[in-house]
Amino acid sequence: MIARRDLAVRVAVRTDLSPTCFRIVVATPEPFAAVPGQFAMVACGEGLDPLLRRAYSIAGVARDGERTLVELMVKEVGRGSSRLRRLAPGAELKLLAPLGNGFTLTAAGGARLALVAGGIGLPPVLFAAERLAAAGAPFDLFLGAATAAELLDVERAAAAAAACGGELVLATDDGSRGEAGFVTAALARRLDEGRRYERALACGPNPMLRALARLARERSLAAELSLEEPMGCGVGVCLGCVVELADGRLVPSCKEGPVFEASRLAARWSA
Amino acid sequence: MIARRDLAVRVAVRTDLSPTCFRIVVATPEPFAAVPGQFAMVACGEGLDPLLRRAYSIAGVARDGERTLVELMVKEVGRGSSRLRRLAPGAELKLLAPLGNGFTLTAAGGARLALVAGGIGLPPVLFAAERLAAAGAPFDLFLGAATAAELLDVERAAAAAAACGGELVLATDDGSRGEAGFVTAALARRLDEGRRYERALACGPNPMLRALARLARERSLAAELSLEEPMGCGVGVCLGCVVELADGRLVPSCKEGPVFEASRLAARWSA
Amino acid sequence: MSVRLETAVGALRLANPVMAASGTFGYGLDLADLCPPERLGAVVSKGLSPRPRPGNPMPRIVETAAGMINAIGLQNIGVEAFCREALPELRSRAAVVAVNVFGAALEEYLEVIARCEREDGIAAYELNVSCPNVSAGGIEFGHDPALLEALTARCRAATRRPLWVKLSPNAPDLVATARAAVAGGADALTLVNTVRALAIDAAARRPVLANGIGGLSGPAIKPIALRMVWEVHRALPEVPLVGIGGVETGRDAAEFLLAGASAVQVGTAIFREPAAPLRIIAELECFCAAHGVADVRELIGGLQWR
Amino acid sequence: MSVRLETAVGALRLANPVMAASGTFGYGLDLADLCPPERLGAVVSKGLSPRPRPGNPMPRIVETAAGMINAIGLQNIGVEAFCREALPELRSRAAVVAVNVFGAALEEYLEVIARCEREDGIAAYELNVSCPNVSAGGIEFGHDPALLEALTARCRAATRRPLWVKLSPNAPDLVATARAAVAGGADALTLVNTVRALAIDAAARRPVLANGIGGLSGPAIKPIALRMVWEVHRALPEVPLVGIGGVETGRDAAEFLLAGASAVQVGTAIFREPAAPLRIIAELECFCAAHGVADVRELIGGLQWR
Ligand SMILES: Cc1cc2nc3c(=O)[nH]c(=O)nc-3n(C[C@H](O)[C@H](O)[C@H](O)COP(=O)(O)OP(=O)(O)OC[C@H]3O[C@@H](n4cnc5c(N)ncnc54)[C@H](O)[C@@H]3O)c2cc1C
Ligand SMILES: Cc1cc2nc3c(=O)[nH]c(=O)nc-3n(C[C@H](O)[C@H](O)[C@H](O)COP(=O)(O)OP(=O)(O)OC[C@H]3O[C@@H](n4cnc5c(N)ncnc54)[C@H](O)[C@@H]3O)c2cc1C
Ligand SMILES: Cc1cc2nc3c(=O)[nH]c(=O)nc-3n(C[C@H](O)[C@H](O)[C@H](O)COP(=O)(O)O)c2cc1C
Ligand SMILES: Cc1cc2nc3c(=O)[nH]c(=O)nc-3n(C[C@H](O)[C@H](O)[C@H](O)COP(=O)(O)O)c2cc1C
Ligand code: FES
Ligand code: FES
């Protein structure tokens, strides 16, 4: 594993993925590697506004000649993300990464993984899918969003799933594309049909993660959830991001997470 | 005179003038006009950093088809100016203008004006020169700077001066270009040689303005000085920019100025 | 959805809850082209003293992180000039005007009020007992509950118009100060004034401001001001409050209302954007519409403590 | 020009005047890869209580304009775990360690100190008497001079190590509080802790933080902190001070030194940039070199009042 560093990077590409979401690829001459599920703390804009960095999951890492490209996918929501959106290629950025623990990508020989993403929860899940595809490990990929326009990067997701014969399941709350309803319901239907998974790996909004944790408990499915608590530092020193575990401990999700085994979390996560 | 407005403009051009100074030309579809010596309050960057707008003298106004171009010249010094420097064409900017009173450009028939600029005091003086040149009014143009590299836009200044047979006098503190020493000394030499001016119009650092005010008092030369007090609002309501007049009153320089008749200012300006 | 923006500070009805703060909007007309005073809930005049005051030497303002420090020293044209030069046009525009009153001694407050009592078109008095800039000035009144009660009572006796007392965030005991003002007869409390602060020019080894200490305002102090409004509202739920400190957006205004303010004032934001109060009114209306608030008064004190 | 960066807080000598603040640098080792503790003037531990504390419910932090509000609730691993898990490596790195001590009652402060007295490698104690987060907690000590003097005196009697008292900016009378701590035997005063503040989620009509009120830190409070350091320095010029509040740059550090601090602490800036203290040391050195300051101690209290 590569040590975390505070990298000064430059924007290589900034493209829109949807009316509200966009991709930022930054380039660094430094060696860099990350595990899907790890994240970066990004200084969004010069000066003091916003004051704190924002956490973004790493969506991919690629070598490009002398430099390493690191990909992020961001939804424009507030101060930080709107600053990022306005960056042009060449703009400088500080990025502390890789942080956190990441998903468990190994599976017992031949066993299948279920990768589940909701909305802007896609980046770590897509990163995991592409890593698994490259390794020839089987998985199904479940992508959910409120509406068709918010299903991001579907072609890349399809290619990753296809690489090892996995299914790409799309679901939208409004039924405008793929199956209608929540993506966790789509997963439940597969389980009902008898499909078996070694483990589910998921990232998305809290209600989705809760639904998945419930499903996992009911069906005795192992599940790893990537949580997004508000973060102050991303490195375990502010204690602003703690998550309650089943044993009552409050642990910093930036350090012990952001990925947690669903069964380790306090009961309210699967209540 | 056109009413002040809070204009949302876009950067049309951003070019370097020297290692530290640059030109920004912004475009607005609104009608706009200004008198040399007037200024704009510019919101330098989104968000709260920096909090207050910065005052910049208007360096020129030109019509370009459907839009009006407004020119500023800025020296990179701190938070605000460095944000401006990093703007790319197309970037949005808010600009409250025109503000303040401006220079008196009319002269009694045929009488000559002395236009004096020090360093980044050039913009309002160059604007005045170009207006006078267009009107066929005679003037000499004195440009001073610490060193040759900080003499800005000399060709444009030369063209303006040449247009009505005026002299362009360059002076640098280190003698690297033009006459060696302060620009006010260059003016004093012309006065010594018997050249007569109806009035001097000046903008530059305070020590230069003080030297000019002294010279004006000693030689009974009328002089208008464009002052640069730190400004909070630019529109007369914060009282952060007051200037002491000879009669003891403290008046907001953004409203009653920024251009003041040297003889109206408190004695310390010409002491 | 149509939103009712009318509110009231005690008996004084306002068309909307957004006022321009004292010292940041001149005498009400300086920015009339960009922000017509009659469109605001009210305008509060620059602090007026019986006679003109020159104020402090320069520099008087300095920017800080998301804030600014000022030590203007209460420069003003005096109550007489205000009544003659500004008030007539404010009246003819039907602007709601609150006069911010400042005095170096109790008698001076009374002098200002007495002069104003001769005029129509003044909706309220706001006593500035909290300006941290003039050492011989208002600061003692605002920091000593007994003194403040006496001052308020004397001013109360001098007018039947609404009387607001503007509290200092630097008072040793904010709630005690608030109680004292109410005991003296204040109809409403404005909070907060600026926070005592210092900026240093490290290269020169001097304070940046000629006065040394000044008052911090702007977004930096908003979380402090909100806390204080809430504390006073909780202690004195019946007392109308006017919230102020770093209001920049309609959402900020809504936050102050929720914390217990009946209206807000906008100060430093006007320096950044002269029409800020108009934008804030529009944003507040949008906020209400988006959150099913038909009457802005539903927000007042509506904070649900956890 | 070579610059001497050594300073001293009372009898405690430090290689440079920049420390990591309590609660923002973990137990001294969490960021050792990015900011080695031994390169700092000192590191101050997260506030330690006799036993581990779980802290407050979430959310615990919220960003504000140039600041943040926290209500962590003094979550910590307890003094025992600190002594066993962190202290040995801090010792072997030769880091200068100050232990930030917190107790819900006087006896708890003494318990923490007693446990630490059994360990080598602790350079000083810093009493947190000012945390505004735990209602049953330290806040009373810091707001009541008599109580604070008694607490300090009891802690003083329990150790011969340097004893610092960290003051609250929310105390009704800062200078009285400072005097009380000194009267109780404090060797130095750290100021300031966070400023009581409130953030409101207007849409939810609730405080953003689960605890409601929290403590404001970051650049927003720097001008307030600087003013307080200067006020205490002016009142008690002989007392060593440690300045804290919004230090982001070497220039900020120089400003605190000029205002009377012998050293500074860096808090929130570490969240923005884990290596901020190292950058600040370098910038302070540059500042000194550029301004002809051969020894950083020349700056201490060097502010020339106008
Ligand atoms: C481990 C981790 C990974 C993340 N990965 C991604 C990612 O890949 N892509 C992406 O777009 N975002 C991601 N986020 C969220 C991101 O960090 C920011 O919170 C988000 O971009 C909003 O920041 P902002 O400055 O634009 O909005 P702000 O101005 O901070 O806030 C806008 C709104 O969002 C809410 N909000 C702020 N922070 C959070 C949070 N952490 N979680 C939920 N709501 C919040 C605020 O309360 C506010 O209502 C991640 C967060 C974490 C903790
Ligand atoms: C009427 C007027 C016209 C101006 N015209 C121009 C112009 O045409 N081009 C131009 O480059 N600048 C001009 N200025 C100066 C400009 O407004 C800014 O002060 C300057 O750009 C520095 O801002 P900053 O944010 O970059 O630096 P800051 O971060 O604000 O400060 C950097 C340094 O400059 C000092 N400083 C800040 N404001 C002033 C000030 N007003 N005067 C002197 N020193 C100051 C600070 O003390 C600090 O040391 C003008 C000012 C006024 C009042
Ligand atoms: C430049 C300036 C001048 C001020 N003058 C006065 C004044 O005369 N009387 C008064 O009561 N408050 C005065 N104030 C305080 C403001 O009215 C207000 O209480 C404070 O600035 C906080 O609000 P804000 O953060 O919106 O600016 C002044 C503030 C500033 C910035
Ligand atoms: C998240 C957080 C936790 C803190 N925990 C403590 C603590 O345990 N003990 C303490 O004395 N101060 C604590 N503080 C206060 C800081 O040490 C410091 O006094 C304050 O943040 C101001 O400095 P800054 O502006 O540099 O952050 C904490 C501050 C923050 C932001
Ligand atoms: S974000 Fe600071 S501890 Fe996790
Ligand atoms: S800058 Fe505010 S009065 Fe002139």
Side-chain angles (χ1 to χ4, degrees), chain C residues 57 62 64-69 170-174 176 195-207 209-216 218-231 246 248 250-259 287 290-291 299 302-306, chain D residues 57 62 64-69 169-174 176 195-207 209-214 216 218-231 246 248 250-259 287 290-291 299 302-306:
Chain C
V62 58
T64 64
M68 63 178 281
I69 311 178
N170 310 298
D173 184 337
L174 182 71
V195 181
R196 277 166 62 79
L198 174 62
I200 292 175
D201 179 338
R205 299 195 180 191
R206 292 189 169 279
L209 302 183
N211 189 58
I213 302 286
L216 183 64
I221 69 166
K222 191 190 82 170
I224 304 173
L226 263 183
R227 185 259 296 177
M228 290 182 166
V229 169
W230 170 245
E231 277 178 356
E248 280 278 332
R251 230 183 152 90
D252 294 338
E255 291 167 18
F256 274 96
L257 297 181
L258 287 165
F287 173 86
H291 292 86
L299 294 175
L303 184 67
Q304 297 163 258
W305 202 249
R306 289 179 178 261
Chain D
V62 58
T64 65
M68 63 178 283
I69 311 179
N170 311 299
D173 185 336
L174 183 71
V195 181
R196 276 166 63 78
L198 173 63
I200 291 176
D201 179 339
R205 300 196 181 189
R206 291 191 169 280
L209 301 184
N211 190 58
I213 302 286
L216 182 64
I221 69 166
K222 191 189 83 170
I224 304 173
L226 264 183
R227 185 257 296 175
M228 290 181 165
V229 169
W230 171 246
E231 277 178 356
E248 279 278 333
R251 231 184 152 89
D252 293 338
E255 291 167 18
F256 274 95
L257 298 180
L258 287 165
F287 173 86
H291 293 86
L299 294 175
L303 184 67
Q304 298 162 259
W305 202 249
R306 289 178 177 261

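Below, read A as the first sequence line, B as the second, and so on, with proteins coming before strands; counting in each chain starts at 1. Remember, predicted model here, so these are calculated numbers, not experimental data.
Contact annotation for L257(D): neither backbone nor side-chain heavy atoms come within less than 4.5 Å of a heavy atom of chain C. Both the backbone and the side chain of W305(D) come within less than 4.5 Å of a heavy atom of chain C.
Of all non-hydrogen atoms in R206(D) and Q304(C), the two that sit nearest each other are NH1-O, 3.6 Å. Between A203(D) and F287(C), the shortest heavy-atom contact is N-CZ, 4.0 Å.
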ask   = When you look at R227(D) and I69(C), which way does the side-chain contact (heavy atoms from CB on, under 4.5 Å) test go after all the steps?
value = CA-CA 12 Å; R227(D) 185 257 296 175; I69(C) 311 178; over 6 Å; no
task = Carefully, step by step, assess I224(D) and I224(C) under the rule side-chain contact (heavy atoms from CB on, under 4.5 Å).
result = CA-CA 12 Å; I224(D) 304 173; I224(C) 304 173; 4.0 Å; yes
inquiry  = Would E231(C) and R196(D) count as a side-chain contact (heavy atoms from CB on, under 4.5 Å) here? Give the steps.
reply    = CA-CA 11 Å; E231(C) 277 178 356; R196(D) 276 166 63 78; 2.7 Å; yes
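Of the listed residues (A197(C), G302(C), P223(C)), the greatest number of heavy-atom pairs within a distance under 4.5 Å of chain D belongs to P223(C). Annotation: maximal heavy-atom pairing with chain C below 4.5 Å, among A199(D), A210(D), G212(D), occurs at A210(D). Residue with the most contacts toward chain D among V229(C), I221(C), L209(C): L209(C) (heavy-atom pairs, distance under 4.5 Å).
In this structure L226(D) satisfies the side-chain contact (heavy atoms from CB on, under 4.5 Å) test together with L198(C), I200(C), K222(D), E255(D), F256(D), A259(D), sequence neighbours excluded.
To the nearest 0.5 Å, atom CG of residue L303(D) and atom CG of residue D201(C) are 10.0 Å apart.
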